[in-house]
Amino acid sequence: MLRRLLTQTSSPRRLLSSKTPFFSKPSLSPFSSLPSSPDPPSSASSHVEESGSSAAAGTTISVDRSALFNPPDHSHEPTPDSELVKHLKSVIKFRGGPISVAEYMEEVLTNPRSGYYMNRDVFGAQGDFITSPEVSQMFGEMIGVWTVCLWEQMGKPERVNLIELGPGRGTLMVDLLRGTSKFRNFTESLHIHLVECSPALQKLQHQNLKCTDESSSEKKAISSLAGTPVHWHSTLEEVPSGVPTIIIAHEFYDALPVHQFQKSPRGWCEKMVDVGEDSQFRFVLSPQPTPAALYLVKRSTWATPEEKEKLEHVEISPKSMDLTQEIAKRIGSDGGGALIIDYGKDGIISDSLQAIREHKFVNILDDPGSADLSAYVDFPSIKHSAEEASENVSVHGPMTQSQFLGSLGINFRVDSLLQNCDDEQAESLRSGYWRLVGDGEAPFWEGPDEQTPIGMGERYLAMAIVNRNQGTPAPFQ
Ligand code: SAH
């Protein structure tokens, strides 16, 4: 089946240039930095045609600074406060105390007026970071293979809601639709629902999916790529249920807010964001239990004794747990499955929150709204949340991205694309392939050391949540 899908996947439309920056988010430990990539973006432009519920602390809290962890470095010159900084400071002031790291993260990323994602395209060489769909067309194509396999296991329903959470530029969906275009019964069954909070990115997705508006509503259109209806929503809850469903979440969970806890002589305390006397943001520890502690207790019941013994810091994401429950309930009652791919761990996360601006790690508290914030995904917490929410689902994985793409046959795909391309395209295909499945620093790299490509194959993990009626999804058998 996989082999047939791979040979029928349509010919390449876009190949990666070797100048594409090789920086992706989790390549270094938090707070360290990498030089920026000087070259212009090329992945999106080098197209070729050829024959082939946050439990944020809402209560007023007085602050104990005695156990301050990791004080931020504010060595930069003071600059006038941005709209978002003013907003955050006013929230802290009127609340009468600091806000949780989760609330800070949520405001920084998705504040409707000035959140990081809300008003611009943040991807690629001229943005802040690059993701797998932007690295190579093969990524979206392989997700297409996964989706068609699941649709077959679902009994080839005539109508399917294909939901993507956080589609970015829409590149994954474009490659998925192009790659599966020969499977007319599949593409004709699709109703695409894009869950995207950013009006700017919704517009870009509309453009890249070559949509024409069906009615006066901008929230509903037809993609001319496969004649498929496309709808936009800002949350998963808004997507109509009652229809067999396939959900894709690539690099979505890492953007969901996390609460951070730290062990202190007083026990576990939540790390909070406050404004100091110098008017700069700083971290402080909450002196008393916060509402998110309930989620900490829940998470700790899923931790192994070894994990519990070693931990000094814990990061938890109630929003991720709640989202997973919503996904599992939907899949449990409507049928289908969800695929989650992200960087993270098959274990509890201690302290991973990081900020990235222009391909460099920067201080989390520095000029909020101008850098991406993201955290490692806690895969066991997703598994347990799904199992808790519905008896009708089974959870598979996580497995590494390398195993996932390898078992789906990405090596056959790259070989078939290499049959019909020029030298530059071949080089770009090989480096894109290595980037998706490789690990550590690229052995073939001859450019400057500081731009050495870092493989995503081992650090990115894939997990599936499927309705039990569907059996075990490929390639988790
Ligand atoms: N999946 C894409 C983009 C990843 S970046 C890729 O791999 O290239 C995260 C995406 O999720 C962006 O599109 C961002 O705007 C969206 N997003 C982040 N937080 C969100 C939220 N709370 N609700 C809806 N969309 C969100």
Side-chain angles (χ1 to χ4, degrees), residues 14 16 20-21 23-26 41 43-44 53-54 56 102-103 105-112 114-125 127-143 162-176 192-209 219 231-239 247-258 317-320 322-324 326-327 338-344 354-356 369 371-375 377 401 435-436 456 460 462:
R14 174 173 54 82
L16 181 80
T20 297
F23 185 87
S24 65
K25 288 195 268 191
S43 63
S53 104
S54 171
E103 195 174 350
M105 186 174 173
E106 187 162 18
E107 288 289 345
V108 168
L109 293 182
T110 58
N111 176 281
S114 42
Y116 172 75
Y117 281 116
M118 303 309 276
N119 305 309
R120 61 203 152 132
D121 177 8
V122 297
F123 308 97
D128 294 309
F129 58 92
I130 189 159
T131 58
S132 295
E134 304 298 331
V135 163
S136 171
Q137 66 182 74
M138 291 185 288
F139 188 77
E141 289 170 351
M142 300 317 295
I143 304 297
L162 175 59
I163 304 175
E164 187 179 356
L165 306 179
R169 284 177 170 167
T171 309
L172 185 158
M173 192 57 78
V174 168
D175 290 333
L176 181 154
I192 296 176
H193 294 271
L194 302 178
V195 175
E196 174 57 67
C197 63
S198 160
L201 291 174
Q202 284 193 3
K203 219 180 234 175
L204 200 55
Q205 292 152 17
H206 187 283
Q207 244 170 43
N208 290 340
L209 281 159
K219 302 280 175 199
H231 311 252
W232 279 267
H233 314 268
S234 41
T235 63
L236 177 60
E237 285 82 0
E238 288 173 16
V239 181
I247 300 176
I248 311 287
H250 179 257
E251 287 216 28
F252 180 73
Y253 271 81
D254 67 73
L256 297 179
V258 293
S317 177
K319 276 258 155 95
S320 303
D322 294 346
L323 171 74
T324 306
E326 159 75 13
I327 291 174
L339 176 67
I340 296 157
I341 302 188
D342 223 308
Y343 51 94
Q354 60 192 17
I356 295 176
D372 180 46
L373 292 182
S374 67
V377 172
Q401 175 162 300
R435 184 73 199 278
L436 294 180
M456 294 156 130
Y460 282 67

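Remember, it's 1-based here, ligands and their atoms both numbered in the order they're listed. What you see is a predicted model; the values in this text were computed from it and never measured.
Nearest-residue assignment for atom 5 (S) of ligand 1 (options Y253, Y117, Y116, F252; heavy-atom criterion): Y117. The nearest non-hydrogen atom to atom 4 (C) of ligand 1, considering only H233, E251, E134, comes from E251. When the options G168, G115, C197 are ranked by their closest heavy atom to atom 20 (C) of ligand 1, first place goes to C197.
Counting heavy atoms under 4.0 Å from ligand 1, residue P133 touches it through the side chain alone.
Between G166 and ligand 1, at least one pair of N/O atoms sits closer than 3.5 Å. Polar contact with ligand 1: present for E196 (N/O pair, distance under 3.5 Å).
Among all heavy-atom pairs drawn from R435 and I130, the shortest one is NH1-CG2, 4.2 Å. The shortest non-hydrogen separation linking V108 to A371 is CG1-O, 4.4 Å. When all heavy atoms of C197 and T110 are compared, the pair lying nearest together is SG-CG2, 3.7 Å.
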Pair H231-I192, side chain to side chain contact (heavy atoms under 4.5 Å, CB included): steps then yes or no: CA-CA 6 Å; H231 311 252; I192 296 176; over 6 Å; no
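When each atom of ligand 1 is checked for a heavy atom of T131 under 4.0 Å away, the hits are 6 (C), 7 (O), 8 (O). Ligand 1 places these atoms under 4.0 Å from at least one heavy atom of L201: 12 (C), 13 (O), 15 (O).
Using a 4.5 Å heavy-atom cutoff, the side chains of H193 and W232 are not in contact.
Here Y117 contributes atom OH and L201 contributes atom CG; the two are 8.5 Å apart, rounded to the nearest 0.5 Å.
By the 4.0 Å heavy-atom criterion, L109 is excluded from the residues contacting ligand 1.
For the pairing with E251, the side chain to side chain contact (heavy atoms under 4.5 Å, CB included) check across L172, I341, L165, D342 returns one residue only, D342.
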